[in-house]
Amino acid sequence: MNYKGGVTLVYPYFLSRDPVEKLFPPLGIAYLASQLEELGVSVTVTDCTFESFDEVIDRIAGSRPAIIGISIMVTMSRNAFELLGKLRERLPGTLFVAGGPLPTVNPAMFSEKFDVVFCGEGDVTFPRFCRDYLSSGSFPHDLKNLDLFSYPGLSVKRDGKIVSSPPVHHPSGTLDRLPLPDRSAFDHARYQAAMEKNTGLKQTSLIVTRGCPFSCDFCSKPVWGSLFRKPPLEKVFSEIEELAALGYTCLWIADDCFTLDSEYLAAFCHEMIRRDVPVSWTCLSRVDRLTPGIVDLMKRAGCIRVYLGLESGSNETLRLMNKQVTVEQGIRAVHLFSRAGIGTAGFFMVGYPGETTESIEKTFDLVLSLPLDEAWFTIPLPLPATPLFDRVANLASWDDWEVSNQVKFVYPSEFDERWLGRRISDTMDAFRKKKEVGGPRKHHSTT
Ligand code: B12
């Protein structure tokens, strides 16, 4: 059954804000779109990345959707509220729904202005909610016809109070029933051109597994939760073959913990070798649970780079971060990958609450002592629903969350931003110099 005036899904990121940003099509709304289509609900996807604010407003307002769902992460709340304000003026009869990583951790922030908020894996209930809403009348006042508490993950403002339910997750074994994300609305030619310019590769992202059983102090993972789930490889390879057919030459497996389950990882690699898919891949990895055998297999299966959350050169700081790994394990992992011919990128965080200038200097020393191809520094960004956030709770204002990749604390820190900024740029200069002296690496660069 088709519904007139169906659903529009919006990803409110505008490229002009940061033209050197890595660009990946937004998978959250692509997953929701395919599941809405499966239920017979008419859906359009608006990825704002290559558009202007006014173009987006005009196009969406012109199509008069009954529901507008906006996907929001921590840097996008201002854009989301601006879109909401402008669109509401033009579309008073439309229901506005917020979802994604930020509403998941702070539903109250969005329940004030949006009609409905979804927390967690929105694809568990949002498609069913849209179908039911559209068949029950499709105007905001018709919400009362629905039993809102039969939609896990939903938050809503009722009689001046916000009623919210906890983030919802797919249970084990259900990922195999989900359709592949619908990427048909994305401008793949522009994504490929932008990534090729930045990285030399037509790279795109995909999610294979969901969930992470670890509890790093700074990590915001309530969308996926702690339960590690893995879909059947048959399904994963349908998606990979689709991406290769779209012209992508490299994949970024953006899972929280892709290398967690060595058996699954090995089966993935064997399948990649057997099918001979013409794409290389990169992934995030923890530094534990790695053996020369699995690393070698990853190389043979086309892995060209791993991103490692090394974070610190001090075991005391790693303990503060609850990383549950040691500096020595990190060093071993970098050497394992490097020896196998897989490029390595290290993420480091400096200025952690409770660490010392000595431990920060150990981190800078570590970066310069490792055979890394890339090094990335951040300072702590306390995300809601993390233990770190609770410890530094007196944040200045939500506007500060717009800041990404800058040395600017959004809470009162014991460290001086100017000193940290200078030490980071000195270290990066020394890092680049060391790489120049070492000569060009044989791997493709992904930055
Ligand atoms: C890929 C990625 C990026 C990419 C691009 C994002 C993109 N276009 O997808 C890049 C590298 C650019 C990036 C940058 C940043 N990222 Co990022 N990124 C990711 C990553 C690894 C995967 C995203 C993804 O594809 N997920 C898969 C899809 C299917 O999941 P999803 O979008 O969450 O969607 C599900 C639900 O959220 C929900 N949903 C989503 N939208 C909607 C909309 C509606 C209406 C509804 C009902 C439901 C709903 O349903 C979906 C299906 O279940 C996530 C980690 C993760 N595990 O998700 C971090 C993550 C999203 N990033 C994060 C952060 C902090 C950043 C940076 C700020 C980092 C920094 N310090 O610079 C920057 C911001 C840059 C910017 N552009 O504004 C945080 C966000 C935290 C938060 N609470 O908001 C995450 C969760 C990582 C983390 N654990 O801290 N990121």
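Note: hydrogens, waters and symmetry copies are ignored here, and every other heavy atom, side chains too, is used. Both ligands and their constituent atoms are indexed starting at 1 by order of listing. In this chain, residues are counted from 1 in sequence order.
Interface atoms of ligand 1 facing V74, defined by a heavy-atom separation under 4.0 Å, are 65 (C), 68 (C), 82 (C), 84 (O). Applying the 4.0 Å criterion to heavy atoms of G69 picks out, from ligand 1, the atoms 45 (C). Residue contact check: G120 has heavy atoms under 4.0 Å from atoms 36 (C), 37 (O), 38 (C) of ligand 1. Short contacts between ligand 1 and C219, defined as distances under 4.0 Å to a heavy atom of the residue, involve ligand atoms 89 (N). Of all the atoms in ligand 1, the ones that sit under 4.0 Å from a non-hydrogen atom of D256 are 57 (N). Ligand-side atoms of ligand 1 in range of Y13: 77 (N), range being under 4.0 angstrom from any heavy atom. Residue-ligand proximity, F118 to ligand 1, at heavy-atom distances under 4.0 Å covers atoms 47 (C). Atoms of ligand 1 lying under 4.0 Å from any heavy atom of L32, numbered from 1 in the order shown and given with element: 42 (C), 43 (C), 44 (C), 46 (C), 48 (C), 49 (C).
For atom 42 (C) of ligand 1, the nearest non-hydrogen atom from the set A98, P26, G99 comes from G99. Comparing S71, P12, G122 by heavy-atom distance to atom 38 (C) of ligand 1, the nearest is G122. If you check each of N79, T49, V223 against atom 33 (O) of ligand 1, the one with the closest non-hydrogen atom is V223. When F389, Y31, W224 are checked for heavy-atom proximity to atom 30 (O) of ligand 1, W224 turns out nearest. Around atom 15 (C) of ligand 1, the closest heavy atom drawn from E121, M73, R210, K221 belongs to M73.
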- [ ] In sequence, state the C-alpha distance, the side-chain angles, and the governing distance for D182 and Y31, and then conclude on side chain to side chain donor-acceptor pair (under 3.5 Å).
- [x] CA-CA 6 Å; D182 181 352; Y31 271 101; over 6 Å; no
Open item on the list: Working note: D217 + Y352, criterion side chain to side chain donor-acceptor pair (under 3.5 Å); need CA distance, chi angles, decisive distance, verdict.
Closed with: CA-CA 10 Å; D217 192 60; Y352 212 73; 2.5 Å; yes
- [ ] Evaluate the side chain to side chain donor-acceptor pair (under 3.5 Å) criterion for residues S226 and K221: first the C-alpha distance (whole Å), next the side-chain angles of each, then the deciding distance (0.1 Å), finally the verdict.
- [x] CA-CA 8 Å; S226 300; K221 55 164 201 177; 3.0 Å; yes
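Residue I72 does not touch ligand 1, judged by heavy-atom distances below 4.0 Å. Residue D123 touches ligand 1 through backbone and side chain together, judged by heavy-atom distances below 4.0 Å.
A salt bridge links R90 with D58: the closest approach of a Lys/Arg side-chain nitrogen to an acidic carboxylate oxygen falls below 4.0 angstrom. Remark: D147 does not engage R128 in a salt bridge, criterion side-chain N to carboxylate O under 4.0 Å. Salt bridge present: R229 and E121 bring a charged side-chain N and a carboxylate O closer than 4.0 Å. Salt bridge annotation for R88-D115: present, with a cationic side-chain nitrogen under 4.0 angstrom from a carboxylate oxygen.
Using cut-offs of 30° and 60° on the angle between ring planes, the pair W252 and Y307 is tilted. Aromatic ring pairs are classed by plane angle as parallel below 30°, tilted from 30° to 60° and perpendicular above 60°; the pair Y11 and Y13 is tilted.
Ligand 1 has at least one atom lying under 4.0 Å from a heavy atom of W252. For P181, the heavy-atom gap to ligand 1 stays at 4.0 angstrom or more. Within the structure, the closest approach of S205 to ligand 1 does not fall below 4.0 Å when heavy atoms are considered. Residue contact check for ligand 1: T378 places no non-hydrogen atom closer than 4.0 Å to it.
Taking the side chain as every heavy atom from C-beta outward, N322 and F218 never approach each other to under 4.5 Å. Between I379 and F415, the closest side-chain pair of non-hydrogen atoms is not below 4.5 Å.
Residue D255 holds its CG atom at 12.5 Å from NZ of K230, rounded to the nearest 0.5 Å.
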